[in-house]
Enquirer: 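Sending over a structure as structure tokens; questions will come in a sec.
As the structure is a computational prediction, the values presented were derived from the model and not from experiment.
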Amino acid sequence: MDEQIKQIGERLRGLRDVLDVSKEEVAQLCGITVEQYEKMESGEGELSVANLQKIAKHYGVALDVLMFGEEPHMSSYFLTRKGQGMSVERRKAYKYQSLASGFSGRKADPFIVLVEPNDSEPHLNSHSGQEFNMVLEGQMQLTIGKKTVTLNEGDSIYFDSTQPHGMKAMNDKPVRFLAIIF
């Protein structure tokens, strides 16, 4: 996990260098402090997919390039076999498996997300667009703004992802869910 996070940080630094963009500008785009952004680049801080998506969209690069170091190249279809999607653990509690990493110009980013149980409150983030979540295994507490809902296996929710939101596994068991970010 640590090596993947450091590689993402190196790609962020490389993008910033190529585009001649300051750390301050990227931090402001993400709505975080320069110190928090510097920790992202060094691989020591929180790497939210929401912030990576903001950076990718704003600077016109594929999210896959930042997350996996690979440019998508398929345009008619991209097949992901069970358990074979490109994956990254952005924090110890979250593991993201991309389901469409090779499809170029996609309009949505689908992931299988695994959230490990943890006693802390969910970290809230926000990003442009909308999001769809469907619980595949386990039970999830989802906070959206000031509202908290519990989703059981088979439950789904579609929401405005500009609202601060965060997920938490319930009952001391991991939760696995489909997340599609539009």
Enquirer: Roughly how far apart are Ile181 CD1 and His127 NE2, rounded to 0.5 Å?
Expert: 4.5 Å
Enquirer: Are Arg16 and Glu41 close enough for a salt bridge, meaning some N to O gap below 4.0 Å?
Expert: yes
Enquirer: Counting C-beta onward and ignoring hydrogens, is there a side-chain heavy-atom pair between Met67 and Arg11 closer than 4.5 Å?
Expert: no
Enquirer: Does CG belonging to Asp172 count more than 12 external heavy atoms closer than 6.0 Å?
Expert: no
Enquirer: Assess the residue pair Leu178 and Phe111 against the criterion (side chain to side chain contact (heavy atoms under 4.5 Å, CB included)); give the C-alpha distance rounded to whole Å, side-chain angles, the decisive distance to 0.1 Å, and a yes or no.
Expert: CA-CA 6 Å; Leu178 171 67; Phe111 297 95; over 6 Å; no
Enquirer: State yes or no: do Phe159 and Phe132 share one hydrophobic cluster built from I, L, V, M, F, W and Y residues joined by side-chain heavy-atom distances below 4.5 Å, directly or via other members?
Expert: no
Enquirer: For the pair Asp17 (side chain) and Gly14 (backbone), establish whether a donor and an acceptor sit closer than 3.5 Å, ignoring hydrogens and angles.
Expert: no
Enquirer: What heavy-atom pair brings Pro122 and Gly166 nearest, and what distance separates the two atoms?
Expert: CB-C, 3.9 Å
Enquirer: On a heavy-atom basis, which atom in Ala56 and which in Ala62 lie closest, and how many Å separate them?
Expert: CB-C, 4.2 Å
Enquirer: If hydrophobic clusters are built from ILVMFWY residues whose side chains come within less than 4.5 Å, do Val34 and Leu19 share one?
Expert: no
Enquirer: Should Pro117 and Pro174 count as side-chain neighbours, where that means a heavy-atom distance under 4.5 Å?
Expert: yes
Enquirer: Quickly, which of Gln97, Glu137, Lys95 forms a side-chain contact (heavy atoms from CB on, under 4.5 Å) with Leu114? Name it, please.
Expert: Lys95
Enquirer: Are any of the side-chain heavy atoms of Val135 and Arg176 separated by less than 4.5 Å?
Expert: no
Enquirer: Determine whether Phe177 and Leu151 make a side-chain contact, defined as any pair of heavy atoms from C-beta on separated by less than 4.5 Å.
Expert: no
Enquirer: Look up atom OG1 in Thr33 and atom CD in Gln36, then write down how far apart they are to the nearest 0.5 Å.
Expert: 3.5 Å
Enquirer: Can you tell me if Ser22 and Glu25 form a side-chain donor-acceptor pair at under 3.5 Å?
Expert: no
Enquirer: Crowded around Lys57 NZ? As in, over 12 foreign heavy atoms under 6.0 Å?
Expert: yes
Enquirer: Do Gln130 and Tyr158 get their side chains close enough for a donor-acceptor pair, meaning under 3.5 Å?
Expert: yes
Enquirer: Quick one, Asn125 and Asn51 - any side-chain contact, counting heavy atoms below 4.5 Å?
Expert: no
Enquirer: Is it true that Thr148 and Thr143 share a donor-acceptor pair across their side chains at a distance under 3.5 Å?
Expert: yes
Enquirer: Would you check if Ile55 and Cys30 make a side-chain contact, meaning some heavy-atom pair closer than 4.5 Å?
Expert: yes
Enquirer: Can you tell me if Glu131 and Asn133 form a side-chain donor-acceptor pair at under 3.5 Å?
Expert: yes
Enquirer: Hey, any chance Leu52 and Met167 share a hydrophobic cluster, counting ILVMFWY side chains that come within less than 4.5 Å of each other, even indirectly?
Expert: yes
Enquirer: Taking all atoms of both residues into account, what is the closest heavy-atom pair of Glu153 and Leu136, and its distance?
Expert: CG-O, 3.2 Å
Enquirer: Measure the spacing between CG of Leu66 and CG of Leu12 and express it to the nearest 0.5 Å.
Expert: 5.5 Å
Enquirer: How far apart are the C-alpha atoms of His123 and His165, what are their side-chain angles, what is the distance that settles it, and do they pass the ring pair (Phe, Tyr, Trp, His ring centres under 6.0 Å) test?
Expert: CA-CA 8 Å; His123 173 77; His165 59 281; over 10 Å; no
Enquirer: Measure the shortest side-chain to side-chain distance between Lys23 and Glu38 over non-hydrogen atoms and say whether it is less than 4.5 angstrom.
Expert: yes
Enquirer: Dump the intermediate steps for side chain to side chain contact (heavy atoms under 4.5 Å, CB included) on Asp155 and Val149, then the final yes or no.
Expert: CA-CA 11 Å; Asp155 291 348; Val149 296; over 6 Å; no
Enquirer: How about CD on Gln28, more than 12 heavy atoms from neighbouring residues, nucleotides or ligands closer than 6.0 Å, or not?
Expert: no
Enquirer: Would a hydrophobic clustering, with Ile, Leu, Val, Met, Phe, Trp and Tyr connected at side-chain separations under 4.5 Å, put Leu63 with Phe182?
Expert: no
Enquirer: With ring pair (Phe, Tyr, Trp, His ring centres under 6.0 Å) as the test, would you mind laying out the steps for Tyr96 and Phe68 before giving the verdict?
Expert: CA-CA 11 Å; Tyr96 283 81; Phe68 310 114; 9.8 Å; no
Enquirer: Taking all non-hydrogen atoms of both residues into account, name the closest pair between Ala108 and Ile180 and its distance.
Expert: CB-CG2, 3.8 Å
Enquirer: Can you get from Tyr59 to Ile32 by hopping between Ile, Leu, Val, Met, Phe, Trp and Tyr side chains that sit under 4.5 Å apart?
Expert: yes
Enquirer: Which atom pair, heavy atoms only, marks the closest approach of Thr80 to Ala100?
Expert: OG1-N, 4.3 Å
Enquirer: Would you mind reporting whether Val113 and Met140 have side-chain heavy atoms less than 4.5 Å apart?
Expert: no
Enquirer: Salt bridge (charged side-chain N to carboxylate O under 4.0 Å, His left out) between Asp119 and Lys168: does it pass, once the steps are laid out?
Expert: CA-CA 9 Å; Asp119 291 335; Lys168 181 177 179 172; 6.0 Å; no
Enquirer: Kindly compute the distance separating OG (Ser42) from OH (Tyr37), expressed to the nearest 0.5 Å.
Expert: 10.5 Å
Enquirer: Short question: side chain of Asn171, backbone of Lys173 - any donor-acceptor pair under 3.5 Å?
Expert: no
